[in-house]
Amino acid sequence: MGSIDSSFFDIGRLDALSSKDSPVHRIDPRLKVLTTLYFIAIAISFDKYDPAGPVPLLVYPMTLMIIGEIPFSYIAKKLLIASPFVLSVALFNPILDRCPMLNLGPISVSGGLVSFASIMTKYVLTVSAVLALIACTGLDSICSALARMGVPKAFTIQLLFLYRYIFVLGEEAARMTRARALRSFGGKGLGMSVYSSMIGHLLLRTVDRAQRIHLAMLCRGFDGEIRHGEPSKIRLSDLLFLAGWCALFTLLRLYDFPAWLGKGLGRLL
């Protein structure tokens with residue numbers, strides 16, 4: 001019971017982190033979104049057999065977390081939670097691609113292992129950047145920025161409602177788990193056999209709850225339009241943020257800094 005409550009309160013911590021006041025938080029959300037999108041495009045553009053190439057890009061999410069006072073442990077925990085989904089896909093690479101690609105002493109490394117490492121590197125970079133963006137901006141501000149940038153209204157509204165629905169789902173799951181624990185005398189009813197029934201009831205309860213929330217919104221004048229505040233003016237510092245980071249990403253993409261570093265260390269040793 002406590003684990004469900006704590007896990008969904010932990011999701012809400014992103015909103016708490018986005019309410020801080022730091023130089024990163026004060027950057028216009030539109031330019032932060034554009035910078036992160038360009039970062040993701042650069043990160044995934046590296047060759048699948050180049051796991052070390054994107055590593056210098058880690059400077060961007062790390063800088064956001066340091067300046068925005070975002071705990072590294074929080075981002076790392078979220079990365080670990082989602083990692084099984086990526087591993088389930090990436091693990092097929094060593095099986096399907098067994099051709100030797102390089103030798104590390106007596107050990108032969110296949111192309112599948114190299115591409116597996118590349119996928120995991122890109123996963124860490126892109127997901128940590130997105131989490132850092134949400135933590136220093138807030139999903140409400142991100143959806144508002146996307147709407148002002150011309151993204152279809154249906155997408156931004158659905159994205160915002162999906163995020164809010166997570167908390168409805170979590171609240172209903174916590175209630176069901178609490179009720180189940182209070183009625184399970186002597187440990188009865190705590191087995192795995194009841195989970196399928198609980199999931200079905202959870203879906204019905206959350207749909208019913210969502211309908212009540214929607215009716216309440218209609219009673220308060222909701223017409224399918226999300227009203228945002230007055231758009232903030234883009235300052236010179238915001239433009240410098242976008243231009244500086246995009247220039248750095250392009251430089252890291254055009255030049256193989258890990259190879260240069262390896263050659264330099266090789267000469268020193």
Side-chain angles (χ1 to χ4, degrees), residues 7-20 22-46 51 53-90 117-152 155-167 169-170 238 241-242 244-246 248-250 252-253:
S7 63
F8 280 95
F9 285 139
D10 197 38
I11 294 175
R13 191 179 177 188
L14 284 172
D15 285 331
L17 291 171
S18 66
S19 64
K20 290 185 176 183
S22 72
V24 173
H25 287 75
R26 291 192 290 269
I27 297 294
D28 189 277
R30 290 167 289 182
L31 299 189
K32 282 190 283 187
V33 170
L34 288 174
T35 304
T36 305
L37 289 176
Y38 188 68
F39 169 86
I40 293 173
I42 291 292
I44 64 178
S45 68
F46 282 85
V55 171
L57 292 172
L58 190 62
V59 66
Y60 175 64
M62 293 289 289
T63 302
L64 291 183
M65 286 186 277
I66 292 172
I67 299 179
E69 300 177 359
I70 303 168
F72 293 99
S73 58
Y74 178 77
I75 301 298
K77 183 164 62 174
K78 296 304 176 188
L79 289 172
L80 288 175
I81 291 174
S83 60
F85 300 100
V86 183
L87 285 171
S88 63
V89 176
S118 179
I119 291 174
M120 297 308 299
T121 301
K122 293 175 182 178
Y123 159 72
V124 171
L125 289 171
T126 54
V127 176
S128 61
V130 170
L131 289 174
L133 171 67
I134 297 174
C136 68
T137 307
L139 199 66
D140 291 343
S141 298
I142 291 175
C143 291
S144 174
L146 291 174
R148 289 170 181 146
M149 290 162 57
V151 176
F155 176 80
T156 58
I157 292 177
Q158 289 300 319
L159 179 62
L160 184 59
F161 282 175
L162 176 63
Y163 179 69
R164 295 305 175 192
Y165 185 77
I166 292 175
F167 296 96
L169 180 68
D238 301 332
F241 177 88
L242 173 65
W245 280 115
C246 290
L248 179 60
F249 299 156
T250 304
L252 293 174
R253 182 63 182 91

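Excluded from the calculations below are hydrogen atoms, water molecules and symmetry mates; all remaining heavy atoms, backbone and side chain alike, are included.
- No side-chain heavy atom of T137 sits under 4.5 Å from any side-chain heavy atom of S18.
- Closest of all the heavy-atom pairs between G53 and P56 is O-CD, 3.2 Å.
- Rounding to the nearest 0.5 Å places NZ of K122 at 11.0 Å from CG of L57.
- Looking at D28 and F241, their side chains never come closer than 4.5 Å, going by heavy atoms from C-beta outward.
- Using modelled atom types, one side-chain atom of R253 and one backbone atom of S45 make a donor-acceptor pair closer than 3.5 Å.
- Counting heavy-atom neighbours within 6.0 Å of F155 CZ, excluding the residue itself, gives a total of 12 or less.
- Using a 4.5 Å heavy-atom threshold, the side chains of F46 and T121 count as separate.
- Side-chain contact between L252 and I42: absent, with no pair of heavy atoms (C-beta onward) separated by less than 4.5 Å.
- Looking at S144 and R148, their side chains do bring a donor and an acceptor atom within 3.5 Å of each other.
- Of all non-hydrogen atoms in L159 and C143, the two that sit nearest each other are CD2-SG, 3.9 Å.
- Proximity of T63 to I66: side-chain heavy atoms (C-beta onward) are nowhere separated by under 4.5 Å.
- Once rounded to the nearest 0.5 Å, the distance linking SG of C136 with CD1 of I27 reads 9.5 Å.
- In this structure, L125 and P61 approach most closely via the heavy-atom pair O-CG, 4.5 Å.
- Side chain to side chain, T36 and Y60 meet the donor-acceptor criterion of an N or O pair below 3.5 Å.
- In this structure, L64 CG and L131 CG are separated by 11.5 Å, a value rounded to the nearest 0.5 Å.
- Here the closest heavy-atom approach between residue A135 and residue H25 is recorded as O-NE2, 3.6 Å.
- When side chains are defined from C-beta on, D238 does not count as touching R26, because their heavy atoms never get closer than 4.5 Å.
- Remark: side-chain polar atoms of K78 are not paired, donor with acceptor, to backbone N or O of V127 under 3.5 angstrom.
- The shortest side-chain heavy-atom distance between I119 and V86 falls under the 4.5 Å cut-off.
- Defined by atom type and a distance below 3.5 Å, a donor-acceptor pair is missing between the side-chain atoms of S128 and Y123.
- Atom OG of residue S73 and atom CG of residue L80 lie 11.0 Å apart, to the nearest 0.5 angstrom.
- Within the 3.5 Å criterion, the main-chain N or O of V24 finds a donor-acceptor partner in the side chain of K32.
- Using a 4.5 Å heavy-atom cutoff, the side chains of V59 and L248 are in contact.
- Pairing each heavy atom of P29 with each of S141, the nearest pair is CB-O, 3.9 Å.
- The backbone N or O of E69 sits less than 3.5 Å from a side-chain atom of K20, completing a donor-acceptor pair.
- Summarising the geometry of T250 relative to Y38, their closest heavy-atom pair is OG1-OH, 2.6 Å, with the distance given to 0.1 Å.
- For the atom pair I157 CD1 and L162 CG, the distance stands at 13.5 Å (nearest 0.5 Å).
- The CG atom of L37 lies 8.5 Å from the CG atom of L133; values are rounded to the nearest 0.5 Å.
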